[in-house]
A.B. asks: 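Can you keep this structure in mind? I'll have questions shortly.
Quick note on labels: first sequence line is chain A, next is B, and so on, each numbered from 1.
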Amino acid sequence: MVIKAVKGVKDILPKDIGKWRRVEDSAREVFGRYDYREIVLPIFEKSEVFVKSVGETTDIVQKEMYSFLDKGGDALTLRPEGTASCVRAYIEHSMYHPKGTVTPLFYIGPMFRRERPQAGRFRQFHQIGAELFGTDDPAADAEVMHLLMTFLKTVGARKPKLLLNSLGDDKCRPAFRQSLVDFLANRKESLCPLCKERYETNPLRVLDCKSETCAETVRSAPTIDSFWCDDCADHFQKVRKALYGLNIEYEINHRMVRGLDYYSRTVFEVTASGLGAKDAVAAGGRYDALVKKSGGPDVPAIGWAVGMERLIESIGDSAGEKTNDTAPDICIVHLGERAHGEAFRVAGLLREQGRKVLCPYRQTSMKKQMGRADKSGAKLAVIIGEEEFNKKTMLVKNLSTSTQKEHPIGDIRKIAAEPPA
RNA sequence: GUGGGCGUAGCUCAGCUGGUAGAGCUCUGGAUUGUGGCUCCAGCGGUCGUGGGUUCAAGUCCCAUCGCUCACCCCA
């Protein structure tokens, strides 16, 4: 039995790499427009980095982390998300100096969660993430969402839709949560079995249950907006105003909640079509308390992450491989032992001159080699047979017009510089 | 962790109520001595996921197991 890749992880094959490159390239380009700087973070961290920031009671920490003890006995974890690492690095390198500095960062890389794989969900997946440290200006919230939407439109995500909410902060959220628990307490019987569980573990999640009866039950439940403190309400209104100013369409959903503990105030999510049951392609929000909680100064921050696999899935073939960027400029065709050696000498010279050249190793029939040259998409074939070798010449054939001309072998540089039409 | 669907050639798949494995694409050779795209002919390629059971006989039926996949939980 051949050894196969671990469950839930994928090889990205050469035939698919073009899409990945395009997504990464446009990410870097778009981030540049907003003056974000790339940071490359380690793939594993001390486990506490994630346990503390993501939250001990979350599913990610409780059952999805790839954690292990290394030979020195350190408890390490393959990162399940990027924000925690980014916050750690931000603090470790004192990026908050001088006081008042705003630090825009982005990263691209793999994340690891041990879940059951399904459409758009993997154990090793890739995220493109943005983090903006040092400001709680509502304009920053809107700008960060503008960045995200601009990026998604640039790469051609299908029908991206922005959903917005505010979770309040430490001052006002506890009251909301309590109120919701009270509301559900005497309605538990009308909830689905799953939500009865949620009532205990994460009551906020009952709000966006898909079950008919739960949705009905929850229709009259309290919503977060009526519990916002003045600051949070004000912040939300200013974010909306800024979004309006940037001409960004969005939909408010007060039932939207987050799976990670560190979010406060602004949270958002982008869904796209062309995906499976999970249509969220990106998600993010504000985490004003996290830097301080992680041992840094009291610095507010906001960020988001897009799932690359889901994004690429959503792009589909619409923005697919249109240009044949793998086609060589020139294919060499050779016949006979001596011509074989000469062919590689010629190929080498052409490559030194910057040409993309294909030269077959096997000595097969001319018919075969011409067929390959044709399939490769090359514009020119350079043919060197016994006859040409003896005469120190080569045939240069234009594969689209089928015209060919004999050249002295010394013309190689000329042909490399200006391939004949 | 729970449930559904599927595992047959390198790839996509067919194979009926059990009778000893097929097609297309790819690849190799030929029709066409050293000239590609189209066509035609031939060939290479399979422990039918694995193990067990029923049977004269199993790709087909039964059980187990592994893998893939979709969905639930949760998340990007």
A.B. asks: May I ask you to say what E387(A) touches in the nucleic acid, namely base, sugar-phosphate or nothing, with a heavy-atom cut-off under 4.0 Å?
C.D. replies: base
A.B. asks: Check whether any side-chain N or O of R79(A) sits under 3.5 Å from a backbone N or O of P110(A) as a donor-acceptor pair, and report yes or no.
C.D. replies: yes
A.B. asks: Starting the side chain at C-beta, find the nucleotide from A76(B), G34(B), U35(B) nearest to M370(A).
C.D. replies: U35(B)
A.B. asks: Could you tell me how the ring of W304(A) sits relative to the ring of F151(A): parallel (under 30°), tilted (30 to 60°) or perpendicular (over 60°)?
C.D. replies: parallel
A.B. asks: If I pick the P atom on C6(B) and the same atom on G24(B), what distance separates them, to the nearest angstrom?
C.D. replies: 27 Å
A.B. asks: Quick one: are the ring centres of Y36(A) and F106(A) less than 6.0 Å apart?
C.D. replies: no
A.B. asks: Could you check whether the side chain of R116(A) and the base of G3(B) have a donor-acceptor pair of N or O atoms closer than 3.5 Å, going by distance alone?
C.D. replies: yes
A.B. asks: Return the nucleotide paired to G67(B): Watson-Crick means purine N1 to pyrimidine N3 with N6-O4 or O6-N4, wobble means G-U with N1-O2 and O6-N3, both under 3.5 Å.
C.D. replies: C6(B)
A.B. asks: So which nucleotide from A31(B), U28(B), C68(B) ends up closest to the side chain of R362(A)?
C.D. replies: U28(B)
A.B. asks: Counting any heavy atom closer than 4.0 Å, what does I60(A) reach on the DNA or RNA strands: base, sugar-phosphate only, or nothing?
C.D. replies: nothing
A.B. asks: Using purine N1 to pyrimidine N3 plus N6-O4 or O6-N4 for Watson-Crick, or N1-O2 and O6-N3 for G-U wobble, each under 3.5 Å, what pairs with C40(B)?
C.D. replies: G30(B)
A.B. asks: Using the P atom as the point on both nucleotides, what is the distance between C63(B) and C68(B), in whole Å?
C.D. replies: 23 Å
A.B. asks: What is the distance from CZ of R372(A) to P of G37(B), rounded to the nearest Å?
C.D. replies: 13 Å
A.B. asks: When rounded to the nearest Å, what value does the distance between P atoms of G51(B) and A9(B) take?
C.D. replies: 16 Å
A.B. asks: In whole Å, I'd like the distance from the CD atom of E313(A) to the P atom of A76(B).
C.D. replies: 18 Å
A.B. asks: As a quick check of understanding, evaluate side-chain hydrogen bond (donor to acceptor under 3.5 Å, both in side chains) for S53(A) and Y287(A), giving each step before the final call.
C.D. replies: CA-CA 10 Å; S53(A) 58; Y287(A) 48 97; over 6 Å; no
A.B. asks: Applying a 3.5 Å limit to both distances, which nucleotide forms a Watson-Crick or G-U wobble pair with C11(B)?
C.D. replies: G24(B)
A.B. asks: Which one, U35(B), U28(B), G67(B), comes nearest to the side chain of K368(A)?
C.D. replies: U28(B)
A.B. asks: From the list U35(B), C68(B), U28(B), which nucleotide is the closest neighbour of the side chain of K7(A)?
C.D. replies: C68(B)
A.B. asks: Pick the C1' atom in G15(B) and in G4(B), then give their distance to the nearest Å.
C.D. replies: 25 Å
A.B. asks: Just do the side-chain hydrogen bond (donor to acceptor under 3.5 Å, both in side chains) check on H334(A) and Q363(A) with the steps written out, would you?
C.D. replies: CA-CA 7 Å; H334(A) 56 75; Q363(A) 298 186 37; 5.6 Å; no
A.B. asks: Any donor-acceptor pair under 3.5 Å joining the side chain of K397(A) to the base of U35(B)?
C.D. replies: yes
A.B. asks: Please determine whether any donor N or O and acceptor N or O are separated by less than 3.5 Å between the side chain of E388(A) and the base of G34(B).
C.D. replies: yes
A.B. asks: Can a donor-acceptor pair under 3.5 Å be found between the side-chain atoms of Q404(A) and the base atoms of U35(B)?
C.D. replies: yes
A.B. asks: Can you measure K375(A) atom NZ to C38(B) atom C1' for me and round it to whole angstrom units?
C.D. replies: 12 Å
A.B. asks: Does G1(B) pair with anything, Watson-Crick or G-U wobble, both distances under 3.5 Å, and if so, with which nucleotide?
C.D. replies: C72(B)
A.B. asks: Which nucleotide in the set A76(B), C70(B), G34(B) lies at the smallest distance from any side-chain heavy atom of Q118(A)?
C.D. replies: C70(B)
A.B. asks: Once you apply a heavy-atom cut-off of 4.0 Å, does L260(A) come out as touching a base, just sugar-phosphate, or nothing?
C.D. replies: sugar-phosphate
A.B. asks: Nearest-Å distance, NZ (K63(A)) to P (G1(B))?
C.D. replies: 11 Å
A.B. asks: May I have the distance from I108(A) (atom CD1) to A76(B) (atom P), rounded to whole angstrom?
C.D. replies: 18 Å
A.B. asks: Against the six-membered ring of F125(A), is R121(A) placed for a cation-pi contact (under 6.0 Å from the centre, within 45° of the normal)?
C.D. replies: no
